[in-house]
Amino acid sequence: MNNRSEPRLNGSILLQQIRALGEIGADHVHGGRTRIALTDAEKAGRDQVVAWMKEVDLDVRIDRIGNIFGTLRSASDQGDQAPLMMGSHIDTVTNAGALDGCYGVLAGLAVARAFREAGVLPSRSITIAAFTNEEGVRYQPDMMGSLVYAGGMDVEEALATVGTDGSRLSEELQRIGYAGDLEPGAIIPHEYLELHIEQGPILEAENALIGVVENLQGISWQQVVVQGNANHAGTTPTRLRHDAGYIAGAVVAELRAIARGAGGTTLATVGCMRFEPNVINVIPRRATFTVDLRDPAEERLVAAEKRLATFLAAIAQEEGVQISTEQLVRFQPVTFDAGLADEIEASARRLGFSHRRMTSGAGHDAQMIARIAPSAMIFVPSRGGISHNPREHTDDEQLLNGVEVLLDVVLRRLSRA
């Protein structure tokens, strides 16, 4: 690397960009911002990020699933060098905070800007990625852009996905102008780093400034449908009921028992539930609900899935109902690259930041990129552990601490390139 000047973080620009991006899709009445994947609001966010990439003279490419890549090329890169990649996503859930995903993309951009402002080129090209549809609100599965990029889902299948609003993903990509021509996975990273807010309470509770993420939980999403019989709530004896609502409640209770029985590692959540006919004095004939199971160990996640399946079969027979399940998402746990995790910890120690090793409870694009390249994540604290919420907050100083660690890791990895 040319030693004309050591790259340094321009923190004021980074914080300005976080706030500016947070204004796109903002709801100033109810709070938060909403940039669901491939909507007009997310297009505006994409346009802004691309404009910022071009301001620091990055080579911007878009692939067929709409992933955005901005590359600062090394002097020796003729277009075939595996870059050091950083990134995340800019789509949000409804009424989201300003940091989830966006922080990682803009942090990577801040690293590229540090090189530009220092007047030096990296010894290995640097690519900043903004992956499509990480949240999975409109199109499933979540983390779709990085999943397709890593070869875990066929691009044609992804493009044919129909959203919750009836839209087709390929048509929406065309409509907003982000149906690129680059084949997903054409740029294989040398290494991948993702900086993210924790979205949990651990760092704050332990007064640690940096999370060194060693692994990421496996995720199992299912939709369960219980088909019973509707009947009068006042005239039907309990012993003669085929009550879909009761079954749904019993499953929720069983899931809590599964979680408690796993020593605290398995997490189980029912986040969506709908009864039919949804009338106060009618026994529900149908219940439709989701199950979210997570665990950092594959064997425990499989055990939870099996215990749930056994319970569903038993209660269906006991209560005279039919129960069907559909797997929506299934991702195995991921162990991140040990060398990169060690480098993150060394940088945190070198910069004087308190830190701890930890597991990510949420899914991230890094878990997909880990399939094709050494990957790791850096966490900074989330106040109150709150995320996916307008009250999502990390202090400015803590945000800058995370990017200082990211930049330090990048400089040290590139010094060996």
Check the side chains of [Y] and [X] for a donor-acceptor pair under 3.5 angstrom, ignoring hydrogens and angles.
| X | Y | value |
| --- | --- | --- |
| Asp59 | Thr71 | no |
| Gln327 | Ser220 | yes |
| Thr127 | Arg61 | no |
| His89 | Asn133 | no |
| Ser167 | Arg138 | yes |
| Asp337 | Ser375 | no |

* To do: Mind running side-chain contact (heavy atoms from CB on, under 4.5 Å) on Glu319 and Asp243 for me, showing each step along the way?
  => CA-CA 8 Å; Glu319 297 296 322; Asp243 185 346; 5.9 Å; no

* To do: Report the C-alpha separation of Tyr178 and Val50 in whole Å, then their side-chain angles, then the decisive distance to 0.1 Å, and conclude whether the side-chain contact (heavy atoms from CB on, under 4.5 Å) test is met.
  => CA-CA 11 Å; Tyr178 280 88; Val50 168; 3.8 Å; yes

* **With sequence neighbours excluded, residues passing side-chain hydrogen bond (donor to acceptor under 3.5 Å, both in side chains) with Gln332** =>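 For Gln332, no residue satisfies side-chain hydrogen bond (donor to acceptor under 3.5 Å, both in side chains) once neighbours in sequence are set aside.
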
* To do: Applying side-chain hydrogen bond (donor to acceptor under 3.5 Å, both in side chains), name anything that partners Glu204, two or more places apart in sequence or on another chain.
  =>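 Applying side-chain hydrogen bond (donor to acceptor under 3.5 Å, both in side chains) to Glu204 gives none.
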
Kindly write out the residues that satisfy side chain to side chain contact (heavy atoms under 4.5 Å, CB included) with [X], not counting sequence neighbours, or none if the list is empty.
| X | value |
| --- | --- |
| Asp80 | Asp77, Gln78 |
| Thr94 | Thr34, Ile36 |
| Asp142 | Trp221, Val329, Phe331 |

Qualifying salt bridge (charged side-chain N to carboxylate O under 4.0 Å, His left out) pairs with a residue from [range], counting only residues at least two apart or across chains:
| range | answer |
| --- | --- |
| residues 104-121 | Asp57-Arg116 |
| residues 187-201 | Glu191-Arg413 |
| residues 29-41 | Asp40-Arg175 |

Could you give the side-chain donor-acceptor pairs of residues 399-408 under 3.5 Å, partners two or more places apart or in another chain?
from   : atom 1 : to     : atom 2 : distance (Å)
Asn401 : ND2    : Glu397 : O      : 3.4
Asp408 : OD2    : Ser347 : OG     : 2.6
Asp408 : OD2    : Arg350 : NE     : 3.2
Asp408 : OD2    : Arg350 : NH2    : 2.7

* With sequence neighbours left out, write down each residue that passes salt bridge (charged side-chain N to carboxylate O under 4.0 Å, His left out) with Glu183, or none if nothing qualifies. =>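 Salt bridge (charged side-chain N to carboxylate O under 4.0 Å, His left out) check on Glu183 returns Arg64.
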
* Can you name the nearest heavy-atom pair linking Pro390 to Gly32, along with the distance? ->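 Heavy-atom minimum between the residues: CB-N, 3.5 Å.
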
Name every donor-acceptor pair, under 3.5 Å, that has one atom in a side chain of residues 362-374 and the other anywhere in the protein, sequence neighbours excluded.
from   : atom 1 : to     : atom 2 : distance (Å)
His364 : NE2    : Ser360 : OG     : 3.3
Asp365 : OD1    : Ser146 : OG     : 2.7
Gln367 : OE1    : His364 : N      : 3.0

* Do Asp91 and Arg46 meet the salt-bridge criterion of a basic N to acidic O distance under 4.0 Å? ->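 No salt bridge links Arg46 with Asp91.
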
Identify every side-chain donor-acceptor pair in residues 245-263 under 3.5 Å, counting partners at least two apart or on other chains, and give the distances.
from   : atom 1 : to     : atom 2 : distance (Å)
Glu254 : OE2    : Arg307 : NE     : 3.0
Glu254 : OE2    : Arg307 : NH2    : 3.4

* Between the side chain of Thr265 and the main-chain N/O of Asp295, is any donor-acceptor distance below 3.5 Å? ->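 Side chain of Thr265 to backbone of Asp295, a donor-acceptor pair under 3.5 Å: no, none is there.
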
